[in-house]
Amino acid sequence: MAQKIYNTKTRRKEVLQPLHEGAIGIYVCGITAYDLCHIGHARAAVVFDVIFRHLKARGYQVTYVKNFTDIDDKIIERAGREGVTTGQLSERYIRLHDEDMAALNVLTPTVTPKATEHMAEMIELIKMLEQKGIAYEADGDVFFGVDRYPAYGGLSGRKLDDMMAGARVDINDKKRNPLDFVLWKKSKEGEPSWDSPWGKGRPGWHIECSAMSRRYLGDTFDIHGGGEDLVFPHHENEAAQSEAATGKPFARYWLHNGFVKINAEKMSKSLGNTFSIRDMISRYHPEVLRLFMLQSHYRSPVDFSEDSLKEARAALIRGYTALQALKEAKKQAGNQDVGGQRESGSDEAGRWDEFVSKFDMALDDDFNTAQALGYVFEAARQANQIAAAGKKMPDAALRAQLDIAAGAFVHFGNVLGVFQSDPDEFFMADRSIEAGKSGLDVSWVEMMIAKRQKARDDKDWTLADDIRKELADKNIMLKDSAGRTVWSVD
RNA sequence: GGCGGCAUAGCCAAGUGGCUAAGGCAGCGGUCUGCAAAACCGUUAUUCUCCGGUUCAAAUCCGGAUGCCGCCUCCA
């Protein structure tokens, strides 16, 4: 089945037809490096990471470019406040960004260019626009004249006249049209600046993405992505300046992810209701955050709350429980080949092929991770079943089934970027995070469990149950299994 | 004021013309267990905000109403 993709530009789901057979170029707007990344950045990163992973799993050769904006007003402002250079400030936040992404299991894109390293490319584009009479200089600033580009507004579905009616256009005497936007900005005294044909200055926000996508992907490329708040003005302006300069189509498919909301309200810097990634992953396993993002379709808004994370954690635990069951069954079945029924696995193999194929098809349909996860959980139920059967009847056929099931989960995990830990390690990490949150003393818990184990050995069920209850009052759940007791915080 | 999106069980959330409306959480009954937990089996929406229309057939298409949200200003 062909890959389908919702294109913001046409507002329709379309079949993805790459410019070059078998290869796909993606450009995604990354962060402006002046502050910690928040969970909104995490959503965009995870969404495009899964798109990247799925397209690669489908055999495409994917070139994924995600930029860093390392020069802009906010960076200058903050660096000035902290008494460091803009370079020092942006380097610091790029490093923290990279750490956050690594923690979230986000693959590093193919290219991660920085704006300040592409001044020549930006200046060249601006010169092209100036030569075509689309850009004009005014006292050291260079503007893009929206009147000279008839297709302006095509991406975001607006008309120039309608926008003029809106009150929120800034007053700037240098602009011929209030909707014109800056390509090159004259620097003030003491600000970082670069030499250009228009004097010392720095690039406008939009031109960097036009320049870097052009350099790494070409004038025309397949997919351009970002958060939906970038549709206007950022992407509209990018498309306008690129197409006007090169005379060729820019991105062919535009993908925009929905917002993360807090209490049904948009999370944003200006509202002051952001949560940083590092704060969240200190309180939940990073895969919980990933699963939370992937449980909804990427274009829908998601409402972030303590409860929604708890539900995502419960779901993740369900998946890992199945993986652990497979692992245990495999261990037990390991060397106990009792032979026979070697053909019995074929129906089972077909069932697992179907899980995998449905999973892949869900992602083929505009990256429907929510639907794909539905199949993952159906597979988890099936895994639990064969793991239980495998413990009772450890023959070669069942062993093969366990391998097939485990293989399917490797595929699900690799594409979604979850289930990347060994189950035991996952449960240990989860336990440690939860114990930390409720201020539990781990050694005390383990001492109590040892005490209860002794009571159980003595068949002193009253004492054993009292200890279970005492721990349960602290939300500690015990699970007795062959020879040992494992615990978790509920 | 202009433009756009969403409304599915107690909660979260897929499904965009036709099989029994995925899946997760929570709940209930059962199996298993010293007791539990987990797991497994069964169960929980005759119905998809409301009102009209198109169609042999609509949660799904069209029109209208109501409610919520986003963009138009830096923002993933």
Side-chain angles (χ1 to χ4, degrees), chain A residues 8 11 13 28-32 34-35 37-48 72-74 77 153 156-159 161-170 179 205 225-234 236 256-261 264-271 274 291-292 295-297 299-303 305 307-308 310-319 321-322 324-325 358 362 365 368-385 387-389 456 459-462 464-465 468-469 472 477-481 485-488 490:
Chain A
T8 304
R11 296 169 200 281
K13 230 189 253 184
V28 173
C29 293
I31 60 155
T32 299
Y34 75 104
D35 202 353
C37 290
H38 55 64
I39 50 177
H41 296 114
R43 184 174 195 196
V46 167
V47 161
F48 286 103
D72 96 318
D73 291 352
K74 293 185 296 296
E77 189 271 329
S156 54
R158 308 155 198 253
K159 298 185 186 78
D161 293 347
D162 293 341
M163 285 188 279
M164 295 299 275
R168 286 168 155 182
V169 287
D170 63 339
L179 292 169
W205 174 35
E228 67 172 319
D229 49 352
L230 297 180
V231 175
F232 189 89
H234 185 51
E236 187 71 58
H256 294 97
N257 65 274
F259 289 127
V260 175
K261 300 197 298 178
E265 201 174 37
K266 180 185 171 180
M267 187 185 73
S268 76
K269 289 273 169 63
S270 46
L271 290 170
T274 61
L291 199 67
F292 167 70
Q295 275 177 323
S296 306
H297 186 90
R299 279 188 280 117
S300 310
V302 292
D303 206 345
S305 68
D307 283 350
S308 58
K310 280 181 184 161
E311 285 195 5
R313 172 175 172 251
L316 186 66
I317 286 174
R318 179 162 168 80
T321 300
Q324 194 173 39
K358 283 181 166 174
D365 187 9
N368 193 335
T369 54
Q371 188 174 62
L373 275 169
Y375 298 122
V376 171
F377 287 110
E378 282 182 20
R381 173 173 294 118
Q382 186 63 18
N384 283 322
Q385 278 180 29
R456 292 182 71 217
K459 297 208 188 297
D460 184 351
W461 306 124
T462 312
D465 288 349
R468 176 192 288 288
K469 191 165 183 313
M477 306 306 293
L478 301 182
K479 180 181 167 193
D480 296 328
S481 56
T485 297
V486 295
W487 60 283
S488 61
D490 194 24

Trainee: Who does rA45(B) pair with, Watson-Crick or G-U, both distances under 3.5 Å?
Mentor: none
Trainee: Would you say that D365(A) contacts K13(A) through its side chain, given a criterion of any heavy-atom pair below 4.5 Å between the two side chains?
Mentor: yes
Trainee: Check whether any side-chain nitrogen or oxygen of K469(A) sits under 4.0 Å from OP1 or OP2 of rA36(B), and answer yes or no.
Mentor: no
Trainee: What's the gap between rG23(B) and rA39(B) when it is taken at their P atoms, as a whole Å value?
Mentor: 15 Å
Trainee: Contact class for H297(A) (heavy atom, under 4.0 Å): base, sugar-phosphate, or nothing?
Mentor: sugar-phosphate
Trainee: Using every non-hydrogen atom in the two residues, find where F292(A) and S308(A) come nearest and quote the distance to one decimal.
Mentor: CE1-OG, 3.4 Å
Trainee: Closest heavy-atom contact between A387(A) and A325(A)?
Mentor: CB-O, 3.5 Å
Trainee: Please evaluate the base of rC74(B) for a donor-acceptor partner in the side chain of D73(A) within a cut-off of under 3.5 Å?
Mentor: no
Trainee: Would you mind reading off the distance between E265(A) atom CD and rC71(B) atom P, rounded to a whole angstrom?
Mentor: 10 Å
Trainee: Tell me which of S300(A) and V260(A) sits closer to the 5' end of RNA chain B, going by the nucleotide each one is nearest to.
Mentor: S300(A)
Trainee: So G227(A), base contact, sugar-phosphate only, or nothing? Heavy-atom distance under 4.0 Å.
Mentor: sugar-phosphate
Trainee: CG of L179(A) versus C1' of rU73(B): gap in Å, rounded?
Mentor: 13 Å
Trainee: Between rC62(B) and rA58(B), how far apart are the P atoms? Round to whole Å, please.
Mentor: 15 Å
Trainee: Quick check: closest heavy atoms across F377(A) and A315(A), and the distance to 0.1 Å?
Mentor: CE2-O, 3.3 Å
Trainee: Once you apply a heavy-atom cut-off of 4.0 Å, does G30(A) come out as touching a base, just sugar-phosphate, or nothing?
Mentor: sugar-phosphate
Trainee: Do you know the tightest heavy-atom contact between H256(A) and E228(A)?
Mentor: CB-CA, 3.8 Å
Trainee: Specify the separation, in whole Å, of atom CG of D480(A) and atom P of rU33(B).
Mentor: 13 Å
Trainee: Nearest whole Å is fine: how far is rA37(B) C1' from D490(A) CG?
Mentor: 10 Å
Trainee: What is the pairing partner of rC56(B), taking Watson-Crick or G-U wobble pairs with both distances under 3.5 Å in any strand?
Mentor: rG18(B)
Trainee: Just checking L230(A): base, sugar-phosphate only, or nothing, at a heavy-atom cut-off of under 4.0 Å?
Mentor: sugar-phosphate
Trainee: Measure the distance from CD on E378(A) to C1' on rC40(B) and round it to the nearest whole Å.
Mentor: 16 Å
Trainee: Can you tell me the distance, in whole Å, between the CG atom of D229(A) and the P atom of rU73(B)?
Mentor: 13 Å
Trainee: Going by purine N1 to pyrimidine N3 plus the second Watson-Crick contact, or the G-U wobble pair, all under 3.5 Å, which nucleotide sits opposite rA39(B)?
Mentor: rU31(B)
Trainee: Under 4.0 Å: is that the gap between some side-chain N or O of N384(A) and OP1 or OP2 of rC40(B)?
Mentor: yes
Trainee: Would you state whether a donor and an acceptor, one from the side chain of D465(A) and one from the base of rG34(B), lie under 3.5 Å apart?
Mentor: yes
Trainee: To the nearest Å, how far apart are R313(A) CZ and rC11(B) P?
Mentor: 23 Å
Trainee: If you only use heavy atoms from C-beta on, which nucleotide in rC35(B), rG23(B), rA76(B) is closest to the side chain of R456(A)?
Mentor: rC35(B)
Trainee: Which part of the nucleic acid does T321(A) contact within heavy-atom distance under 4.0 Å: base, sugar-phosphate only, or nothing?
Mentor: sugar-phosphate
Trainee: What are the two closest heavy atoms between P301(A) and K261(A), and how far apart are they?
Mentor: CB-CE, 3.9 Å
Trainee: What's the shortest heavy-atom distance between T369(A) and S296(A), and which atoms?
Mentor: OG1-O, 3.5 Å
Trainee: So, do F259(A) and M267(A) sit near enough that their side-chain heavy atoms are less than 4.5 Å apart?
Mentor: no
Trainee: Applying the side chain to side chain contact (heavy atoms under 4.5 Å, CB included) test to L291(A), which of L316(A), V46(A), V376(A) qualifies?
Mentor: L316(A)
Trainee: If you measure from the C1' atom in rA14(B) to the same atom in rU33(B), how many Å do you get, rounded?
Mentor: 36 Å
Trainee: With no hydrogens and no angle check, is any side-chain donor or acceptor of E236(A) less than 3.5 Å from a backbone partner on G153(A)?
Mentor: yes
Trainee: Can you tell which of rC72(B), rA13(B), rC25(B) lies closest to the side chain of S296(A)?
Mentor: rA13(B)
Trainee: With a non-hydrogen cut-off below 4.0 angstrom, is K479(A) in contact with a base, only sugar-phosphate, or nothing?
Mentor: base
Trainee: Would you kindly compare Q295(A) and Q382(A) by the position of their nearest RNA chain B nucleotide and give the one closer to the 5′ end?
Mentor: Q295(A)
Trainee: Given rC71(B), rA76(B), rC40(B), identify the nucleotide with an atom nearest to the side chain of R381(A).
Mentor: rC40(B)
Trainee: Can you tell me which nucleotide in rC71(B), rG15(B), rG70(B) comes closest to the side chain of Q371(A)?
Mentor: rG15(B)
Trainee: Any strand is fair game: report the nucleotide pairing with rC6(B) by Watson-Crick or G-U wobble, both distances under 3.5 Å, or none.
Mentor: rG67(B)
Trainee: What is the distance, rounded to the nearest whole Å, between atom CG of D303(A) and atom P of rG24(B)?
Mentor: 22 Å
Trainee: Would you say a side-chain N or O of R318(A) is under 4.0 Å from OP1 or OP2 of rA39(B)?
Mentor: yes
Trainee: Taking only N and O in the side chain of Q324(A), is any of them less than 4.0 Å away from OP1 or OP2 of rA38(B)?
Mentor: no
Trainee: Checking only heavy atoms, does the side chain of R468(A) share a donor-acceptor pair with the base of rA36(B) at less than 3.5 Å?
Mentor: yes
Trainee: Measuring only the P atom in each nucleotide, how far is rG29(B) from rA37(B)? A whole number of Å is fine.
Mentor: 12 Å
Trainee: In whole angstrom, give me the gap between the P atoms of rA45(B) and rA38(B).
Mentor: 23 Å
Trainee: Looking only at atom C1', what distance separates rC61(B) and rG15(B), rounded to whole Å?
Mentor: 16 Å
Trainee: So, OP1 or OP2 of rA76(B): does either fall under 4.0 Å of a side-chain N or O from R43(A)?
Mentor: no
Trainee: For rG63(B) and rA22(B), measure between their C1' atoms and round to the nearest Å.
Mentor: 31 Å
Trainee: Heavy atoms only, 4.0 Å cut-off, all strands: where does Y375(A) land among base, sugar-phosphate and nothing?
Mentor: nothing
Trainee: Produce the list of close N/O pairs, under 3.5 Å, pairing protein atoms with atoms of nucleotides 3-10 of chain B; give distances to one decimal.
Mentor:
{"residue": "rC3(B)", "atom": "O2'", "partner": "G157(A)", "partner atom": "O", "Å": "3.4"}

Trainee: Taking the basic N atoms (NZ, or NE/NH1/NH2) and the acidic carboxylate oxygens, is any pair closer than 4.0 Å for K74(A) and D72(A)?
Mentor: yes
Trainee: When rounded to the nearest Å, what value does the distance between P atoms of rC74(B) and rU16(B) take?
Mentor: 37 Å
Trainee: Mark this stacking check for W461(A) against rG34(B) as yes or no, applying ring centres under 5.5 Å and ring planes under 30°.
Mentor: yes
Trainee: Looking at the side chain of A370(A), which of rA13(B), rG34(B), rA76(B) is the nearest nucleotide?
Mentor: rA13(B)
